[in-house]
S.K.: 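Below is one structure. I have some questions about it.
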There are 2 protein chains.
Amino acid sequence: MTLAGENTENQILIAARDVFIIKGYEGARMQEIADQAGINKALLHYYFRSKEKLFEAVFSEVAANLFPAMKHLLEAEIGIKEKITFFVKMYLKALHENPFIPAFVINTLNSNPESFLKYIKKSGVNPILLQTQIEDEVSRGLIRTIKAEHLLVNIIAMCIFPFVARPIVQTIFNMEHDEYQAYLEDRGNEITDFVLKSICI
Amino acid sequence: MTLAGENTENQILIAARDVFIIKGYEGARMQEIADQAGINKALLHYYFRSKEKLFEAVFSEVAANLFPAMKHLLEAEIGIKEKITFFVKMYLKALHENPFIPAFVINTLNSNPESFLKYIKKSGVNPILLQTQIEDEVSRGLIRTIKAEHLLVNIIAMCIFPFVARPIVQTIFNMEHDEYQAYLEDRGNEITDFVLKSICI
DNA sequence: TGTAAATTTGACCATTTGGTTAAATCATAT
DNA sequence: ATATGATTTAACCAAATGGTCAAATTTACA
């Protein structure tokens, strides 16, 4: 592939990513993606054959970047308190940079689990490792007993929810844009605090 | 309106609700709604004029049932520990009966906040009441200080997340359908425990 | 029962949308 | 320079989709 071609293919992927993430598969229009990329619509099919294939290219790339950092941190050899602190900080930072990814992934997987779950399967996140560490720290009297599946989901839920449900939460709490931004900043310490106060003895 | 008409209108609303909640606005097809309701497609327009209007009818009804029970419980005159316990139990029961509602609402509001936020505005949920109660129980030495906005979002996030992100969580944890169902059951006590252990002194 | 209004239907329409194609343009290598 | 292959475009196509309408059917009631 020549330079021009590779460049175009990338422009398309970037534009498609932007449009699909905001509008979802059904709501996205090939013409809009072409416009966003500043190219002719036929080029989308020249490089990616079909809307479905283009979407798969976007989704698989998004899915591939979903877990590696999380996995790496979960496997790190540090105490669980530090692990949680870092995890929350890292996760909120990632969400701040890509606030629409979670809703996009959730929406895609809910409307079409059979076809897209395969991109999640190879996440490699292993709750057993975390479970082992928990049991170790429990036996050393540092934290109380808790199942890794609950702890992990609790933390991730508290991080993600204010982003996916932003319009609702912001409306119910009567916040302006900047106020909500500050609220999101606050949550870093709040979540860490909340979790540590719950599990530490 | 005659009996036949009222009945048809209701059948349509029920069918439309089912289809819209699963497929979303863009993914839903008027023909599919008509089939599901067992009627001719033209009747959809006879009763609701357009797809948009029909969707609004569905969404406004869903939105109207989103907060009243929550609001009522938040305003109840019981201690905060009991309040949290009941809240989690009630919320998980509601989610068990309508597991797809949160993802539907989140998705709708993210793709079109301007047009649908108005159905949320009148929720009447007032975090200040909860804040007052928290401050009261803090002064009586029962719980630690925490902002109502964080406590409420934390609890709701932990309840909702395993439902909206079910395919991902179930896959990552390698669970079968029944296992996940049991996991969801477990979460009732887990969440309550998790929260109370965090805020009680 | 007869009739006027409401309800229901099948056929049809216009637009949108994903996709195709043949021609034009560009880049590259000899 | 120019021939070859890759890239890009405008015009076009077929299917799907939301929506309309006139005719048929049912319902209500005088």
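The basis for the numbers below is simple: all heavy atoms, side chains too, and nothing from hydrogens, waters or symmetry mates. Numbers restart at 1 for each chain; the letters A, B, ... are given by sequence-line order, proteins then strands.
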S.K.: Rounding to a whole Å, what distance do you find between A/Ile33:CD1 and C/dT16:P?
M.R.: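 In whole Å, C/dT16 P lies 18 Å from A/Ile33 CD1.
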S.K.: Could you walk me through whether B/Glu137 and B/Lys81 pass the salt bridge (charged side-chain N to carboxylate O under 4.0 Å, His left out) check?
M.R.: CA-CA 10 Å; B/Glu137 302 217 4; B/Lys81 296 180 196 175; over 6 Å; no
S.K.: Between atom NZ in B/Lys51 and atom C1' in C/dT15, what is the gap in whole Å?
M.R.: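 Taking atom C1' of C/dT15 as the reference, NZ of B/Lys51 is at 14 Å.
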S.K.: So, are B/Glu77 and B/Lys83 salt-bridged, with charged N and O less than 4.0 Å apart?
M.R.: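 Judged by the 4.0 Å cut-off on N to carboxylate O distance, B/Glu77 and B/Lys83 do not form a salt bridge.
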S.K.: Would you kindly give the CG-to-P distance between A/Asn10 and D/dT7, to the nearest whole Å?
M.R.: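 From A/Asn10 CG to D/dT7 P: 14 Å.
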S.K.: Is it true that the side chains of B/Glu56 and B/Tyr119 contain a donor and an acceptor less than 3.5 Å apart?
M.R.: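 On atom types as modelled, these side chains qualify, holding a pair under 3.5 Å.
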S.K.: Rounded to whole Å, please give me the gap between OH in A/Tyr47 and C1' in C/dG19.
M.R.: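 Those two atoms, OH and C1', are 18 Å apart.
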S.K.: Just compare D/dT8, C/dT21, D/dT20 and give me whichever is closest to any side-chain atom of A/Ala42.
M.R.: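 Output: C/dT21.
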S.K.: With heavy atoms under 4.0 Å as the rule, sort A/Ala34 into base, sugar-phosphate or nothing.
M.R.: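 No contact.
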S.K.: Answer whether the closest heavy-atom distance between the side chains of B/Met158 and B/Val195 falls below 4.5 Å.
M.R.: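 Of all side-chain heavy-atom pairs linking B/Val195 with B/Met158, at least one is under 4.5 Å.
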S.K.: Please determine, by modelled atom types, if A/Asn112 and A/Ser115 share a side-chain donor-acceptor pair under 3.5 angstrom.
M.R.: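 Checked: A/Asn112/A/Ser115 side chains pair up, N/O donor to acceptor below 3.5 Å.
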S.K.: By nearest atom, which of the nucleotides D/dG18, D/dT7, D/dT9 is closest to the B/His45 side chain?
M.R.: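 From the listed options, D/dG18 comes nearest.
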S.K.: Rounded to whole angstroms, how far apart are CG on A/Leu43 and P on D/dT9?
M.R.: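 To the nearest whole Å, that distance equals 5 Å.
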S.K.: Using whole Å, what does the distance between atom P of nucleotide C/dT8 and atom CG of B/Leu44 come to?
M.R.: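 After rounding, the reported distance stands at 12 Å.
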S.K.: Take the protein atom CG of A/Asn7 and the nucleotide atom P of D/dT7, then report the distance between them rounded to whole Å.
M.R.: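 Result: 12 Å.
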S.K.: With distance as the sole criterion, do the side chain of A/Lys41 and the base of C/dG19 form a donor-acceptor contact below 3.5 Å?
M.R.: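 Flag set: donor-acceptor pair detected.
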S.K.: Rounded to the nearest Å, what distance is computed from the CZ atom of residue B/Phe55 to the C1' atom of nucleotide D/dG18?
M.R.: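 Atom CZ in B/Phe55 sits about 16 Å away from atom C1' in D/dG18.
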S.K.: Side-chain N or O of B/Tyr46 less than 4.0 angstrom from OP1 or OP2 on D/dC21?
M.R.: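 For D/dC21, neither OP1 nor OP2 has a side-chain N or O of B/Tyr46 closer than 4.0 Å.
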S.K.: Less than 4.0 angstrom between a side-chain N/O of A/Thr8 and OP1 or OP2 of D/dT8, yes or no?
M.R.: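 Answer yes for this pair, as a side-chain N or O of A/Thr8 is under 4.0 Å from OP1 or OP2.
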S.K.: Between B/Asn40 and B/Arg29, name the one whose nearest nucleotide on DNA chain D is closer to the 5' end.
M.R.: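 Counting from the 5' end, the first nearest nucleotide belongs to B/Arg29.
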